[in-house]
Amino acid sequence: MLVLMVAADMPVTPAAATARPGSARRPTPPVPAKTGDWFADVTQQAGLDFVHQFCHQRIANILLSNGSGGVVFDYDNDGFMDIYLVNWGPLKGVTAAAPDVARQPNRLYHNRGDGTFEDVTEKAGLAGSGFGSAAAAGDFDNDGFTDLYVVNVGRSVLYRNRGDGTFEDVTARAGVGHVGTGISAVFLDYDNDGRLDLYVGNYLTYVPEKESEQNPGAYPGPLAYAGEANVLYRNRGDGTFEDVTRQAGLYSPGNRTMSVGAFDCNRDGHEDIYVCNDDTPNQLWLNDGKGHFHEVAVAAGVAFNSIGEAPGSMNAAVGDANGDGLPDLFVTRLGYGSLYLRTPKGYYDDRMWASGLGRLTQRYVAWGGTFLDVDNDGDLDLFVANGDAFNLDGVVSLLLENNGHGQFTDASAKGGAFFKTPLNGRGNAVLDFDNDGRMDVLLTTLADRPFLLHNQCPLKNHWLTLQLEGTRSNRSGYGVLLALTAGDLTLHSEALCPAGFLLQGDARPHFGLGSHPRVDRLEIRWPSGCVQVLTNLAADQILKVREPKI
């Protein structure tokens with residue numbers, strides 16, 4: 001729990017595109033793409049006029065170093081991904097805003113389907129309050145409309161989607177208003193009862209008066225503060241949740257979480273939890289399918305980096321990096337990151353250096369890191385958001401191309417002008433905002449504007465995107481295991497609540513198919529145990545798939 005107890009709601013005033021109250025600097029201007037660039041900064045023409053409200057002139061303490069994010073989700077079921085961005089504001093003991101500076105709102109941008117977005121925050125009732133960190137989206141009540149959980153430093157908030165373009169705050173009734181230094185959340189159905197549960201990550205117990213003993217005048221590192229336990233809420237199915245953290249075996253107060261994620265690491269049909277911690281070992285919580293988890297990160301090989309350190313870990317991206325059908329992890333860190341490749345025996349091997357990623361990333365501090373098939377050739381590439389933890393001066397982001405066997409090279413030159421632009425990057429997420437089958441990127445920054453990067457890769461490879469709807473399983477389809485065959489290409493994936501560092505991406509599973517114009521076979525294993533097989537599917541479409549009821 002926060003020592004300074006600053007979680008009270010703060011007043012919100014409408015944001016203006018020209019006003020930057022409490023900002024440390026002017027937003028980065030648009031970055032013009034050059035002919036042949038694979039990505040173009042389309043933020044301005046898309047109408048995303050959000051600016052992260054920093055309320056300080058420098059990174060003066062550890063909470064100011066983290067930034068904020070949001071979520072990509074289709075809140076109105078029109079088939080296009082909308083964007084919700086979370087804001088900060090003045091916070092006593094943390095920021096240094098003038099007394100008359102009011103908090104700027106969180107912002108919901110409705111995707112019009114023509115490449116532009118409309119600010120519908122006021123209509124939707126999602127301006128929010130407090131000092132925001134992240135958000136997660138999932139249909140917790142299985143009514144067909146995706147709901148929203150906003151993670152704050154202080155009291156987090158659950159918004160129920162009414163289905164008419166508006167949301168209602170149901171936090172108190174649902175029982176998920178935990179007060180802590182919230183930084184991350186993920187929806188998952190850990191007990192496979194067809195209802196989404198919620199796991200919330202907390203950072204640390206912040207004390208404003210602390211100074212660094214090693215470097216007087218500088219802010220101290222995370223170990224100077226007590227950790228906070230994360231929380232697992234079980235969905236009762238009646239609109240309420242119960243805190244089952246202790247009985248599930250997940251109570252672990254000695255860590256300082258940066259992000260949480262859920263995936264089925266051993267493919268046993270039960271979602272596990274991976275926790276990235278700051279300056280303590282990361283945790284892998286295996287789900288026994290009976291409502292209990294046990295921690296196996298050291299034994300599995302995913303607690304430390306390749307040289308046995310536990311530096312600040314920000315994010316873990318999940319994907320099959322080397323094409324062997326097993327789920328791998330790419331972890332970003334303040335220090336050497338990790339590419340954990342899962343072996344057939346169930347352990348992980350850190351191939352950060354053998355993959356080329358160690359050399360490519362070692363001089364940066366990586367925050368957000370996301371797998372995406374940038375050119376739809378059938379293998380997963382990486383986008384890495386870099387930034388500085390101590391200064392507002394920026395550094396460049398990275399686009400790293402996979403050769404199909406887990407070997408990466410720097411493709412930032414192909415990416416274009418954006419990848420030459422210094423930014424203080426934080427969260428990043430993958431989405432297809434225009435439904436053209438090419439995966440775009442959303443990046444949030446510290447004390448700056450977001451960046452919506454449109455993928456305009458000229459390669460004409462094929463693709464398939466899935467829009468899943470559970471019936472016996474949770475409506476969002478989180479936890480679905482997928483296996484696809486197209487000619488000589490075999491791909492495996494999992495439908496996730498794609499929570500990353502601060503920012504959740506497009507939840508629709510996407511497959512790059514290379515030169516293959518059809519999918520021969522698609523196997524869908526629903527969390528309920530139902531196995532659905534589809535054959536002879538045309539490529540280059542968003543395919544809606546509903547779980548059979550029997």
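We count residues from 1, following the sequence as given. As a basis for the values below, the full set of heavy atoms in this structure was taken, side chains included, without hydrogen atoms, waters or symmetry mates.
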Original post:
If we ignore angles and hydrogens, is there a donor and acceptor under 3.5 Å between the side chains of Tyr75 and Asn161?
Top reply: no

Original post:
If you measure from CG on Asp279 to OH on Tyr225, what distance do you get to the nearest 0.5 Å?
Top reply: 12.5 Å

**OP:** Just do the salt bridge (charged side-chain N to carboxylate O under 4.0 Å, His left out) check on Asp506 and Arg508 with the steps written out, would you?
**Re:** CA-CA 6 Å; Asp506 192 334; Arg508 299 174 297 180; 2.9 Å; yes

Subject >> CA sep, side-chain torsions, deciding dist, call: Leu223, Thr280, side chain to side chain contact (heavy atoms under 4.5 Å, CB included) >> reply: CA-CA 8 Å; Leu223 296 183; Thr280 54; 4.0 Å; yes

**OP:** Sorted by first residue and then second, give each salt bridge (Lys or Arg N to Asp or Glu O under 4.0 Å) pair with at least one member in residues 139-150; sequence neighbours left out.
**Re:** Asp141-Arg160, Asp143-Arg160

**OP:** Any salt bridge (Lys or Arg N to Asp or Glu O under 4.0 Å) involving residues 492-501? Give me the pairs, sequence neighbours left out, ordered by first then second residue.
**Re:** Arg267-Glu494

Original post:
Do Asp243 and Thr245 have a side chain donor and acceptor closer than 3.5 Å?
Top reply: yes

Subject >> Distance, nearest 0.5 Å, that separates OG of Ser259 from CD1 of Ile183 >> reply: 8.0 Å

**OP:** Just jot down the side-chain hydrogen bond (donor to acceptor under 3.5 Å, both in side chains) partners of Trp526, sequence neighbours excluded, or say none.
**Re:** Gln532

**OP:** Determine whether the aromatic ring centres of Phe140 and Phe241 lie less than 6.0 Å apart.
**Re:** yes

Original post:
Where does the angle between the aromatic ring planes of Trp463 and His510 fall among parallel (under 30°), tilted (30 to 60°) and perpendicular (over 60°)?
Top reply: parallel

**OP:** Would you mind reporting whether Cys55 and Leu91 have side-chain heavy atoms less than 4.5 Å apart?
**Re:** no

**OP:** Would you please classify the geometry between the Trp88 ring and the His52 ring as parallel, tilted or perpendicular, with 30° and 60° separating the classes?
**Re:** perpendicular

Original post:
How about Tyr84 and Asn106: does a side-chain donor come under 3.5 Å of a side-chain acceptor?
Top reply: yes

Subject >> Residue pairs involving residues 473-485 (criterion salt bridge (Lys or Arg N to Asp or Glu O under 4.0 Å); sequence neighbours excluded) >> reply: Glu469-Arg475

Original post:
Going from CG on Leu452 to OH on Tyr109, what distance comes out if it is rounded to the nearest 0.5 angstrom?
Top reply: 11.5 Å

Original post:
Yes or no on side chain to side chain contact (heavy atoms under 4.5 Å, CB included) for Arg103 and Phe131, after CA distance, side-chain angles and deciding distance?
Top reply: CA-CA 9 Å; Arg103 181 190 188 271; Phe131 196 82; over 6 Å; no

**OP:** For residues 318-341, pull every pair meeting ring-ring contact (aromatic ring centres under 6.0 Å, His included), keeping only residues two or more places apart or in separate chains.
**Re:** Tyr336-Trp353

Original post:
With a 3.5 Å cut-off and no angle check, do the side chains of Arg342 and Tyr348 form a donor-acceptor pair?
Top reply: yes

Original post:
Tell me, which pairs form a salt bridge (Lys or Arg N to Asp or Glu O under 4.0 Å) where one or both residues lie in residues 118-130, sequence neighbours left out?
Top reply: Arg107-Asp119

Original post:
How far apart are the C-alpha atoms of Asp164 and Arg162, what are their side-chain angles, what is the distance that settles it, and do they pass the salt bridge (charged side-chain N to carboxylate O under 4.0 Å, His left out) test?
Top reply: CA-CA 6 Å; Asp164 61 359; Arg162 293 190 179 106; 5.3 Å; no

**OP:** Could you verify whether a donor N or O on one side chain and an acceptor N or O on the other, from Glu295 and Ser252, lie under 3.5 Å apart?
**Re:** no

**OP:** Nearest 0.5 Å please: distance from the CG atom of Asp349 over to the OG1 atom of Thr343.
**Re:** 7.5 Å

